[in-house]
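Counting begins at 1 with the first residue of the sequence. Values in this document were obtained by computation on a predicted structure and should not be read as measured data.
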Amino acid sequence: MKTLSVQLSENGYEILLGKDILHKFTSLCKKSSLPKRMFFIIDENVLRIHKKYLQTNLFDEKKDLVCKLPAGEKSKSFKQISELLKVMLENKLGRDTLVVSIGGGVTGDAVGFAASIFMRGIPVVHIPTTLLAAVDSSIGGKTGINFNNTKNSIGSFYQPKFVLIDTTFFSTLPEKEIICGVGEIIKYAFLTGQDFYDSVLAALPLFYQKDFSKTVHLISASINVKTEVVSSDEKETGLRKILNFGHTFAHSFESELHFKIKHGEAVTAGIICALYLSHEKGFITEEQLKKFLYLPKQIPLSATLKKLDKEKLYRVMLSDKKNRDGKIKFVLLKNIGEILLDVEAEKVEVFNAFDRMFKSI
Ligand code: GLY
């Protein structure tokens, strides 16, 4: 088992990563003096698929407080949050209760948000069960829901007490989910350096084969990038913005497709657009562009992206929460490991980036 840590001035925490480590949950809670009363909120699919493993190592469905959350992006809504809060009230949860979220990014974002506003905040622990949630959304305390068809427009920064990542859960993920996680890992490759980029490229077949014993070092390296960034800029006033590489484009695809595209797939398409835009703006040469596109282009993308209307996508981007003075602020690339923040672009440059991505699918 590997232990990584998010170091914050207040509320720092550990991330435990390994195979078959779910049984360590109770001792981790004891070590951190967490409340004994627990409320488990779990993605319905995860409960169905991993019932026996969960019952043996985490909870007893008959005795413990267990609440199922519907799978899919629709759970990131006020309706679902209000239902969760109602169950929490009915069961008389208080600050002496630990909320345990078990599932992918949707579960973690929604449960984290509910925990952050219930009784002005009750403790939460994340047990991410997808590759994407493990390397990104479960770490760093971003919680939220979608509102008015706008991704993550309502939410809070609310750090968990710890994060337990048991790769055992990944073995049953469908290929689409693996692709999603790999999309975020590719993002870290661009943020970090050529060696990481080359290792991710070489490890792609291993990810598809779900060989997590041979890829765990890349999962751990990705988490490490995230913990270092979050440790230095918890509330995204500066450096943390680099984690949004590809995300301004990605969120517009998700909104326009009414969240019928997976986040990680949208991120890969977003990274491709961000690379084309970096080229449009003259930050990278034609030769670099070709080289950098090689990795994200290994990921199969849905042809539905091609049908999207550029004007509509652009309008969504204009409401991105990273914008300032009504201008879209892009995260672009100068080289692998050299990221440019708050870059503005002409509409025609953005449209060209869309067109070039559409053509490449
Ligand atoms: N996924 C971006 C962040 O956590 O800041």
Side-chain angles (χ1 to χ4, degrees), residues 1 13-72 74-76 79-130 133-134 137-139 141 143 145 158-173:
M1 185 173 81
Y13 52 95
E14 287 187 338
I15 298 152
L16 295 309
L17 167 68
K19 188 171 160 44
D20 297 331
I21 61 167
L22 194 59
H23 64 278
K24 295 199 183 282
F25 174 79
T26 313
S27 59
L28 289 167
C29 289
K30 270 197 199 123
K31 190 179 134 196
S32 309
S33 309
L34 296 179
K36 287 199 182 66
R37 187 158 190 248
M38 308 219 177
F39 184 55
F40 298 92
I41 309 177
I42 180 162
D43 176 295
E44 58 184 359
N45 286 339
V46 178
L47 180 58
R48 186 175 38 80
I49 299 169
H50 295 279
K51 208 174 184 107
K52 205 161 154 229
Y53 188 57
L54 288 157
Q55 300 266 58
T56 312
N57 296 292
L58 196 63
F59 54 65
D60 181 338
E61 234 192 308
K62 291 200 186 84
K63 285 198 215 131
D64 293 313
L65 269 177
V66 180
C67 172
K68 282 189 271 180
L69 199 68
K74 60 185 180 301
S75 279
K76 284 183 63 167
K79 188 168 172 279
Q80 187 57 59
I81 294 296
S82 117
E83 276 172 32
L84 259 185
L85 296 175
K86 219 161 91 191
V87 180
M88 287 159 89
L89 262 184
E90 281 164 5
N91 283 287
K92 302 195 174 17
L93 264 61
R95 291 192 188 140
D96 59 347
T97 317
L98 177 69
V99 171
V100 186
S101 117
I102 310 133
V106 167
T107 308
D109 284 6
V111 174
F113 182 53
S116 78
I117 57 174
F118 186 78
M119 304 284 171
R120 297 205 176 91
I122 64 173
V124 67
V125 161
H126 290 303
I127 303 184
T129 57
T130 64
S137 58
S138 67
I139 304 154
T143 83
I145 55 170
Y158 194 65
Q159 301 295 345
K161 295 297 175 193
F162 66 84
V163 180
L164 187 154
I165 305 171
D166 184 343
T167 58
T168 306
F169 288 109
F170 305 165
S171 60
T172 56
L173 291 175

Review point. With sequence neighbours left out, which residue pairs that include part of residues 33-68 fulfil the ring-ring contact (aromatic ring centres under 6.0 Å, His included) condition?
Key: Phe40-Phe59, His50-Phe169, Tyr53-Phe169

Revision key, fill the gap. Hits for side chain to side chain donor-acceptor pair (under 3.5 Å) against Tyr13, two or more places apart or cross-chain, chain-then-number order -> Gln159

Revision key, fill the gap. Those residues at least two apart in sequence (or on a different chain) that pass side chain to side chain donor-acceptor pair (under 3.5 Å) with Asn57 are none

Check your understanding: Just by modelled atom types, is the Ala71 backbone N or O under 3.5 Å from a matching donor or acceptor in the Glu44 side chain?
Key -> yes

Check your understanding: Is there side-chain contact between Leu47 and Leu54, with heavy atoms separated by less than 4.5 Å?
Key -> yes

Might you point out which heavy atoms bring [X] and [Y] nearest each other, and give the distance in Å?
X	Y	value
Thr107	Ile41	CG2-O, 4.1 Å
Pro128	Ala133	CB-CB, 3.6 Å
Ala134	Phe170	CB-CZ, 3.6 Å
Phe162	Ser32	CD2-OG, 4.4 Å
Ala110	Ser75	CB-O, 3.7 Å
Pro160	Ser138	CG-O, 4.2 Å

For the atom pair [atom1] ([X]) and [atom2] ([Y]), what is the distance rounded to the nearest 0.5 Å?
X	Y	atom1	atom2	answer
Thr130	Asp43	OG1	CG	9.0 Å
Asn45	Thr172	CG	OG1	9.5 Å
Met88	Cys67	CE	SG	9.0 Å
His23	Leu28	NE2	CG	9.5 Å

Point to revise | Counterpart residues, salt bridge (charged side-chain N to carboxylate O under 4.0 Å, His left out), relative to Lys86 (two or more places apart) | key: none

Study note, to complete from the structure: Residues passing the salt bridge (charged side-chain N to carboxylate O under 4.0 Å, His left out) test with Lys79, sequence neighbours excluded, are Glu83

Could you note down all residue pairs passing salt bridge (charged side-chain N to carboxylate O under 4.0 Å, His left out) where [range] supplies at least one of them, sequence neighbours left out?
range	result
residues 50-69	Lys51-Glu61, Asp60-Lys63
residues 100-117	Lys76-Asp109
residues 13-34	Glu14-Lys31

Practice item. Decide if atom NZ of Lys36 counts as having more than 12 heavy atoms of other residues, nucleotides or ligands within a radius under 6.0 Å. Key: no

Revision key, fill the gap. Which of Thr56, Ile102, Thr168, Ile127 passes side chain to side chain contact (heavy atoms under 4.5 Å, CB included) with Leu22? Answer is Ile127

Point to revise | Option from Thr129, Leu17, Leu16 for which side chain to side chain contact (heavy atoms under 4.5 Å, CB included) with Ile165 holds | key: Leu17

Check your understanding: Does the side chain to side chain contact (heavy atoms under 4.5 Å, CB included) test come out yes or no for Cys29 and Lys161, once each step is laid out?
Key -> CA-CA 9 Å; Cys29 289; Lys161 295 297 175 193; over 6 Å; no

With a cut-off of 3.5 Å and sequence neighbours excluded, list every side-chain donor-acceptor pair involving residues 92-100.
residue, atom, partner, partner atom, Å
Arg95, NE, Met119, O, 3.0
Arg95, NH2, Met119, O, 2.8
Thr97, OG1, Gly94, N, 3.1
Thr97, OG1, Gly94, O, 3.2

Point to revise | Verdict with reasoning, Val66 to Ile42, per side chain to side chain contact (heavy atoms under 4.5 Å, CB included) | key: CA-CA 7 Å; Val66 180; Ile42 180 162; 3.9 Å; yes

Check your understanding: Is there any side-chain hydrogen bond (donor to acceptor under 3.5 Å, both in side chains) pair reaching into residues 115-126, and which pairs are they, with sequence neighbours excluded?
Key -> Ser101-His126, Ser116-Ser156

Practice item. Output all residues satisfying side chain to side chain contact (heavy atoms under 4.5 Å, CB included) with Ile117, sequence neighbours left out; order by chain, then residue number. Key: Ile81, Leu85, Phe113

Practice item. Begin with the C-alpha distance, continue with both residues' side-chain angles, and end with the deciding distance and a verdict on side chain to side chain contact (heavy atoms under 4.5 Å, CB included) for Leu65 and Met38. Key: CA-CA 7 Å; Leu65 269 177; Met38 308 219 177; over 6 Å; no

